[in-house]
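Here is how names work: the chains are called A, B, and so on, in the same order as the sequence lines, proteins then strands, and each is numbered from 1. Remember, it's a predicted structure, so these values are computed and weren't measured experimentally.
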2 protein chains.
Amino acid sequence: MPRVSPNRAPGRPPRGHSPASDARFHRRLGEVLGHATEVFCEKGYEGASMRDLSRASGMSLAGLYHYFGSKERLLYLIQKETFTTILQKLKTRLEESDEPEQRVRIFILNHLEYFLANQEGMKVLSHEDEALKNGLGSEIAAIKREYYRICLGLMEALKRERHLDFDARTAVMSLFGMMNWIYTWYNPRVDGNARELAQRMGDIFLSGVMSGDPRSTRRRSRARHKL
Amino acid sequence: MPRVSPNRAPGRPPRGHSPASDARFHRRLGEVLGHATEVFCEKGYEGASMRDLSRASGMSLAGLYHYFGSKERLLYLIQKETFTTILQKLKTRLEESDEPEQRVRIFILNHLEYFLANQEGMKVLSHEDEALKNGLGSEIAAIKREYYRICLGLMEALKRERHLDFDARTAVMSLFGMMNWIYTWYNPRVDGNARELAQRMGDIFLSGVMSGDPRSTRRRSRARHKL
DNA sequence: AATTAATTAGAACGAACGTTCGAACTGAAT
DNA sequence: ATTCAGTTCGAACGTTCGTTCTAATTAATT
């Protein structure tokens, strides 16, 4: 009976070992992923070689293949963990409020806090968006789609509550652009921490989106430039 | 007297030829650059090989080196032409108005129109931002800085005229993020043309930035969330 | 202590990389 | 007709790529 791989599936802990060695296994695996994230962040996925990753992580070339199976799978694991984490944090935090505007604020703050705390991983996630092929790529794409749809839902809830008529898709994509572009310019000495940044970006974005609120008397800008 | 290169500087037209052959030279060079832009756009700078570029452009490997000298110089020429063009178009268009809000609108429209008309080049410019090293990279960086400073100037003019107090740096960077992120999501069938997009993005951004205008009665959103 | 599985290491694989070379070719100027 | 710079080409350079192989070493289980 032929087996596709001579070893067990890479990245899985060994069968029937002690909990101690399981823990060591996962810790080692996480360390390597951390170093790999740094290298991918600095040199890009295509620009980083397996030898770069080997050197940075202190694990031999053969060791990397023993643990991860391929370069592509390494990127996949980084992206999956990063995206899964930010998505899970978001879901938890969204339980804090039912108020539409506040929920959008939570979304922005969650995204920026995680982005700045885990800048390398989020850059790899944003910048190497098209690097994964076939199955691995579509799995990440599915998480992204869920993340997008949550944000779209928040936006439409806001529209409904305030009787606004802006285009939710453009708004969500613009918001993602504002936030994901950060890795190209953020400087902690100048731009403050995540809370301050989320406050400023949230003000710009939400005031912009809500400027058509009928409860507001101010229609000048929109009216003047219609068509 | 030693010469650094056995040939003339690559990418320059030959000396003392007829205008006809000069024109042919430039046309050929432009065609290759166009095909190279497509390949860089699709596979990324590191992911695209000189053989890919050769195949796509119909010019032999050695021919590419005769014209361009190196892979890096090819990317450099693409980025420089793209950036120089959008910058020059902007300067021309800005002469159309003295009114600060209108000038910001012009900036947005110019950026988006050129971005969508020349999507591949702009993606290569945005996405391969860190690919060029040393001299070539800093030359592109200088153009980028000028482009940024113009936008910052427009924003500060707007602030002065309307007595606003938002952070201009965050605003400019957010605006760039909104606009440059487009290449990851734009779909002409859904999202309309550049004018429509510039209208919607401009509304979101400008209403957001101007929500602190003392001439407006609406301070709700800002006031509630201060600190 | 013996056995077995998991992990590491070094060397090597063929393929592809960016780049160079020398010779052939072209077309206008002598 | 000859010259000569500009152009094009196939072939090859040395290096590095992602990956695999085999054997040695370690750690856990019997």
Side-chain angles (χ1 to χ4, degrees), chain A residues 3-29 31-32 36 39-40 43-76 131-133 136, chain B residues 3-29 31-32 36 39-40 43-76 131-133 136:
Chain A
R3 296 181 56 184
V4 177
S5 164
N7 307 320
R8 58 172 173 74
R12 298 245 162 278
R15 301 160 304 177
H17 263 214
S18 65
S21 80
D22 259 37
R24 201 171 44 236
F25 177 88
H26 272 105
R27 184 163 43 80
R28 189 101 164 88
L29 198 135
E31 284 170 9
V32 173
V39 176
F40 280 146
K43 316 183 87 164
Y45 173 70
E46 299 277 0
S49 74
M50 288 299 275
R51 284 156 185 88
D52 291 331
L53 301 176
S54 166
R55 203 175 312 117
S57 64
M59 178 179 279
S60 77
L61 211 42
L64 287 180
Y65 279 93
H66 178 73
Y67 274 94
F68 301 102
S70 74
K71 185 186 179 187
E72 195 182 16
R73 246 183 73 86
L74 250 162
L75 176 62
Y76 161 77
L132 294 177
K133 308 289 175 195
L136 299 186
Chain B
R3 296 179 58 184
V4 177
S5 163
N7 308 321
R8 60 175 171 74
R12 298 246 162 279
R15 299 161 304 177
H17 261 214
S18 64
S21 80
D22 259 37
R24 201 172 41 237
F25 177 89
H26 270 106
R27 184 163 44 79
R28 189 101 164 87
L29 199 135
E31 284 171 8
V32 173
V39 177
F40 281 145
K43 317 185 88 166
Y45 174 70
E46 299 276 2
S49 73
M50 289 299 276
R51 284 157 185 87
D52 291 331
L53 302 176
S54 166
R55 202 175 312 116
S57 63
M59 178 179 279
S60 77
L61 211 42
L64 287 180
Y65 279 93
H66 178 73
Y67 274 95
F68 301 103
S70 74
K71 186 186 179 186
E72 196 182 16
R73 246 182 72 86
L74 249 163
L75 176 61
Y76 161 77
L132 294 177
K133 309 287 175 197
L136 300 185

(request) Please identify each residue that fulfils side chain to side chain donor-acceptor pair (under 3.5 Å) with A/R55, with sequence neighbours left out. (result) A/D52

(request) Nearest whole angstrom, please: distance from the C1' of D/dG18 to the CG of A/L75. (result) 15 Å

(request) Please report the closest heavy-atom contact between B/L75 and B/A131, naming both atoms and the distance. (result) CD2-CB, 3.6 Å

(request) Could you tell me which non-hydrogen atom of B/F68 sits nearest to which non-hydrogen atom of B/R73, and how far apart they are? (result) O-NE, 3.0 Å

(message) Can you measure B/E46 atom CD to C/dG18 atom C1' for me and round it to whole angstrom units?
(response) 11 Å

(message) Going by salt bridge (charged side-chain N to carboxylate O under 4.0 Å, His left out), name the residues that satisfy it together with B/E72, two or more places apart in sequence or in a different chain.
(response) none

(message) Can you list everything that forms a side chain to side chain donor-acceptor pair (under 3.5 Å) with A/S60? Sequence neighbours excluded, please.
(response) none

(request) Could you check how far CZ of A/F68 sits from P of C/dT8, rounded to whole Å? (result) 11 Å

(request) Heavy atoms only: give me the nearest B/S54-B/L61 pair and the separation to one decimal. (result) OG-N, 3.6 Å

(request) Indicate yes or no: at least one non-hydrogen side-chain atom of B/L74 is less than 4.5 angstrom from one of B/Y67. (result) no

(request) In whole angstrom, give the distance that lies between atom CD of B/E72 and atom C1' of C/dG18. (result) 12 Å

(request) Could you provide the dot-bracket string of DNA chain D, using ( ) for intrastrand pairs, [ ] for crossing pairs and | for bases paired to another strand, with Watson-Crick or G-U pairs below 3.5 Å? (result) |||||||||||||||||||||||||||||.

Write down the protein N/O and nucleotide N/O pairs, taken from nucleotides 8-11 of chain D, whose separation is under 3.5 Å; answer none if there are no such pairs.
unit_1	atom_1	unit_2	atom_2	d
D/dT8	OP2	B/Y67	OH	3.1
D/dC9	OP2	B/S60	N	3.4
D/dC9	OP2	B/S60	OG	3.4

(request) Round to a whole Å and report the spacing from CG of B/L64 to P of C/dG18. (result) 11 Å

(message) Near DNA chain C, counting only heavy atoms under 4.0 Å, which residues of residues 48-57 of chain A show up?
(response) A/R51

(message) Rounding to an integer number of Å, can you tell me how far A/Y65 OH sits from C/dA12 C1'?
(response) 14 Å

(request) Measure the shortest side-chain to side-chain distance between B/R28 and B/M59 over non-hydrogen atoms and say whether it is less than 4.5 angstrom. (result) yes

(message) On the six-membered ring of A/Y45, is A/K71 placed so that its NZ or CZ lies under 6.0 angstrom from the centre and within 45° of the ring axis?
(response) yes

(request) Might you point out which heavy atoms bring A/F40 and A/A48 nearest each other, and give the distance in Å? (result) CD2-CB, 3.8 Å

(message) Could you measure the distance from the CG atom of A/L29 to the CZ atom of A/R27? Nearest 0.5 Å is fine.
(response) 11.5 Å

